[in-house]
Amino acid sequence: MSVVASIRDRIRKEIDKSLQEAQEKGELTFTRLPDYIVEAPREKAHGDFATNAAMLLAKEARTAPRAVAQVIVKHFDASWLDKIEIAGPGFINFYLGTNWLYEILPNVLREDGAFGCSNFGRGEKVQVEFVSANPTGLLHMGNARGAALGDTLSNVLQAAGFEVSKEFYINDAGNQIENFGKSLEARYLQQLGQDVVFPEDGYHGEDIIDTVKNIINEVGDKYLGEDASIRREHLAKRALQEKIVAIKNDLERFGVRYDVWFKESSLHESGAIKETMEELQQKGYIYEKEQALWFKTTLFGDEKDEVMIRSNGIPTYFAADIAYHRNKFARGFQRVINIWGADHHGHVARMKGAVKALDYDPERLRIILMQLVRLYQNGEILRMSKRSGQYITLTELMDEVGKDAARFFFVMRSPDSHLDFDMDLAKAESSENPVYYVQYAHARIYSILKTLRGSLPQPETVNFTLLKEEAELQLIRKIADLPEEIIGAAESLEPHRLTRYAHELASLFHTFYNSCRVLTDEDELRKARLLLADATRITLRNVLHMLGVTAPERM
RNA sequence: GCGCCCGUAGCUCAGUGGAUAGAGCGCUGGCCUCCGGAGCCAGGUGCGUAGGUUCGAUUCCUAUCGGGCGUACCA
């Protein structure tokens with residue numbers, strides 16, 4: 001347990017004990033302990049920790065909040081505290097002095113790369129599925145946001161003690177592949193000089209033409225004489241291979257590596273979809289109407305039932321997705337997290353309903369809806385659509401602004417919030433991106449260590465209590481927060497908290513740097529500050545790595 | 001029409017059932033003869049509107065206005 005967590009724990013135990021004693025002595029009457037919090041107050045004048053326990057208990061105990069607080073304080077063993085105080089409407093503030101802060105630095109230095117990690121998740125198996133872009137085109141900004149979010153979230157969960165598996169679901173079957181085949185065929189014939197009309201709802205992207213050219217280089221006009229359906233199948237198969245490799249490479253360059261690439265087609269081939277439909281049928285959720293098989297999703301709150309197997313015998317995407325989720329749970333994942341674009345929100349309730357219909361607890365499925373990315377160029381919104389073929393690709397984005405800036409930027413916002421990505425700004429002022437601010441702090445520390453031209457002192461030989469400046473104490477305090485920050489981000493599935501933390505940490509370091517000279521002539525103080533700087537370096541690096549951003553030694 | 005998300009500082013966005021709501025950008029003025037000035041310090045009449053719950057609401061609930069998205073035998 002982290003230092004902060006154990007102090008918080010100790011305060012809680014003391015409060016609980018005080019309340020119990022008060023009740024035994026008849027000083028307070030209540031039936032259950034309130035769900036109070038112990039937090040670090042915003043104002044440091046309000047102490048190191050504070051609780052609202054007295055205010056929450058006031059009503060049930062029929063006692064004024066401050067009076068409840070007085071009773072708690074009376075029984076509270078505060079011998080290990082500097083001061084305990086009742087304040088405002090009934091807060092109890094705890095003042096710890098500074099000694100506890102000095103325990104933190106040696107811990108950080110010892111734990112090094114593992115600092116920030118905890119066993120919060122107790123090794124629970126979690127799967128995170130993200131991006132899962134259609135392999136009919138290149139990755140765009142929306143996919144990039146999903147990639148940054150999903151990868152960072154996975155890292156966060158891992159650091160918080162979960163066993164994480166990252167997965168990409170390849171939609172290599174169904175209607176869109178038919179459509180893909182038609183588009184490829186049209187381009188293929190066009191490239192070979194035939195005057196063919198391109199399908200109206202086909203994939204207009206330039207990249208498909210390139211793909212077709214590549215295929216022609218390999219097989220020439222070999223498919224010309226084939227049956228249309230066979231030809232489309234051949235073209236689609238080859239194109240998919242190329243597209244999937246391209247997607248893999250792009251994501252790898254973006255710093256994202258998956259544990260599993262799962263093909264939708266395998267669900268068709270293995271009979272998993274059929275099995276799933278049979279299970280639903282046995283449970284009485286399936287009926288036939290107009291030659292199609294329907295799932296009674298209205299039983300789970302949907303407005304209308306959904307088609308599983310079309311009248312032409314082909315399963316819908318939803319049917320495959322149900323089979324996919326059944327497969328996920330069968331693989332033993334305790335929790336399954338999906339990151340979807342907000343345009344799929346209508347699918348959430350249905351999917352959870354389907355999970356429930358299969359007798360799994362729908363709470364085990366968490367879906368993070370990510371609002372779409374709005375792209376600005378020349379002050380205008382660019383619409384992104386694979387159909388129209390107009391979109392900025394992940395590759396182009398990385399070429400323009402770099403991987404680090406892009407990843408940091410995408411995670412900086414809450415998934416709930418629209419992301420305005422101004423390409424001009426990103427290009428013109430990339431050096432002012434917040435990521436540089438954080439990286440600069442890291443590089444600065446390296447620069448100090450380089451100037452030192454010697455090895456760092458051993459922590460046990462250093463007197464950390466010499467660090468008394470406000471800037472020093474605040475910096476240590478922020479470092480100490482990392483484990484709980486990570487747990488909080490993992491619990492709430494909100495990786496964007498980390499970018500915030502990184503920025504705050506960097507800011508406190510810069511403040512420290514400007515007000516306290518590290519390489520001072522005073523030997524003992526210099527040693528202590530050097531190790532504070534080094535602990536900051538470790539903390540910054542660990543956070544940046546979780547974000548998939550490099551921690552540079554110089555810039 | 002119905003459903004989901006979002007309305008917080010000039011702009012882009014954090015945040016919380018509590019004690020004085022924050023950061024970046026932009027703007028203005030300062031700061032190392034010394035460890036990297038890609039930095040630091042200072043400067044602010046802002047929680048869309050109206051009700052409700054609460055000791056306490058920017059946060060929860062209802063209504064309403066505005067923006068985005070969804071509402072296919074598409075995915």
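Residue numbers start from 1 in every chain, and the chains themselves are labelled A, B, ... in the order their sequence lines are given, proteins ahead of strands.
Under the stacking criterion of a centre-to-centre distance below 5.5 angstrom and an interplanar angle below 30°, A:Phe91 sits stacked against the six-membered ring of B:rA19.
Taking 3.5 Å as the limit, the base of B:rA14 and the side chain of A:His496 contain no donor-acceptor pair of atoms between them.
Pairs passing the salt bridge (Lys or Arg N to Asp or Glu O under 4.0 Å) check and including a residue from residues 500-521 of chain A, sequence neighbours excluded, read A:Lys478-A:Glu504. Listed by first and then second residue, the salt bridge (Lys or Arg N to Asp or Glu O under 4.0 Å) pairs involving residues 294-316 of chain A are A:Asp302-A:Arg350, A:Lys304-A:Glu306, A:Glu306-A:Arg350 (not counting sequence neighbours).
Residue A:Met412 is out of contact with every strand shown, counting any heavy-atom pair closer than 4.0 Å. Across all strands, A:Ser447 comes closer than 4.0 Å to base atoms (heavy-atom distances). Among the heavy atoms of the strands lying under 4.0 Å from A:Lys59 are primed sugar atoms or P, OP1, OP2 only; no base atom is included. Heavy atoms of A:Tyr513 sit under 4.0 angstrom from at least one base atom. When heavy atoms are screened at a 4.0 angstrom cut-off, A:Gln439 is found touching no nucleic acid atom at all. Note on A:His510: only backbone sugar-phosphate atoms sit closer than 4.0 angstrom, heavy atoms only; bases stay farther off. When heavy atoms are screened at a 4.0 angstrom cut-off, A:Ala443 is found touching base atoms of the nucleic acid. Heavy atoms of A:Ala342 sit under 4.0 angstrom from primed sugar atoms or phosphate atoms, though from no base atom. Contact annotation for A:Ala50: base contact, defined as any heavy-atom pair under 4.0 Å involving a base atom.
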Distances under 3.5 Å only, N/O to N/O: pair up the protein atoms with those of nucleotides 6-10 of chain B.
none

Close N or O pairs between protein and nucleotides 22-24 of chain B (under 3.5 Å):
from, atom 1, to, atom 2, distance (Å)
B:rG22, N2, A:Arg500, NH2, 3.4

Polar atoms only, N or O, under 3.5 Å: list the protein pairs with nucleotides 56-61 of chain B and their distances.
none

Show every donor-acceptor pair shorter than 3.5 Å between a side-chain atom in residues 49-67 of chain A and any protein atom, with sequence neighbours excluded, or say none if there are none.
from, atom 1, to, atom 2, distance (Å)
A:Thr51, OG1, A:Ile37, O, 2.9
A:Thr51, OG1, A:Ala53, N, 3.2
A:Asn52, OD1, A:Ile37, N, 3.0
A:Glu60, OE2, A:Thr31, N, 2.7
A:Glu60, OE2, A:Thr31, OG1, 2.6
A:Thr63, OG1, A:Ala61, O, 2.8
A:Arg66, NH1, A:Gly88, O, 2.6

Show me the side-chain donor-acceptor pairs of residues 442-451 of chain A shorter than 3.5 Å, one per line, residues at least two apart or across chains.
from, atom 1, to, atom 2, distance (Å)
A:His442, ND1, A:Pro552, O, 2.8
A:Arg444, NH1, A:His510, ND1, 3.1
A:Thr451, OG1, A:Ser447, O, 2.7

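Defined by atom type and a distance below 3.5 Å, a donor-acceptor pair is present between the side-chain atoms of A:Glu85 and A:Tyr95. For A:Asp404 and A:Gln439, the side-chain atoms include at least one donor-acceptor pair closer than 3.5 Å.
Put simply, the side chain of A:Leu505 does not reach to within 4.5 Å of the side chain of A:Leu482, judged on heavy atoms. Taking 4.5 Å as the limit, every side-chain heavy atom of A:Val131 sits out of range of all side-chain heavy atoms of A:Tyr169.
Sorted by residue number, the members of residues 515-525 of chain A with any non-hydrogen atom under 4.0 Å from RNA chain B read A:Cys516, A:Arg517, A:Val518, A:Leu519.
With sequence neighbours left out, A:Asp48 forms a salt bridge (Lys or Arg N to Asp or Glu O under 4.0 Å) with no residue at all. A:Glu185 is linked by a salt bridge (Lys or Arg N to Asp or Glu O under 4.0 Å) to A:Arg231, A:Arg232, counting only residues two or more places apart in sequence or in another chain. Applying the side-chain contact (heavy atoms from CB on, under 4.5 Å) rule to A:Met546 yields the partners A:Asn155, A:Val156, A:Ala159, A:Ile486, A:Leu498; only residues at least two apart in sequence or on another chain are considered.
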request  = Give the dot-bracket string for RNA chain B, reading 5' to 3', where a pair is Watson-Crick or G-U wobble with both distances under 3.5 Å, ( ) marks pairs inside the strand, [ ] marks pairs crossing earlier ones, | marks a partner on another strand, and . marks unpaired.
outcome  = (((((((..((((....[...)))).(((((.......)))))....(((((..]....))))))))))))....
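Judged purely by atom type and a 3.5 angstrom limit, A:Glu472 uses its side chain to pair as donor or acceptor with the backbone of A:Lys468. A distance-only check finds a donor-acceptor pair linking the side chain of A:His204 to the backbone of A:Gly202 [under 3.5 Å].
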inquiry  = Apply salt bridge (charged side-chain N to carboxylate O under 4.0 Å, His left out) to residues A:Glu484 and A:Arg8 and explain how you reach the verdict.
reply    = CA-CA 11 Å; A:Glu484 294 211 323; A:Arg8 200 185 292 246; 2.7 Å; yes
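The A:His46 side chain lies nearest to B:rA19 when the options are B:rC55, B:rA19, B:rA72.
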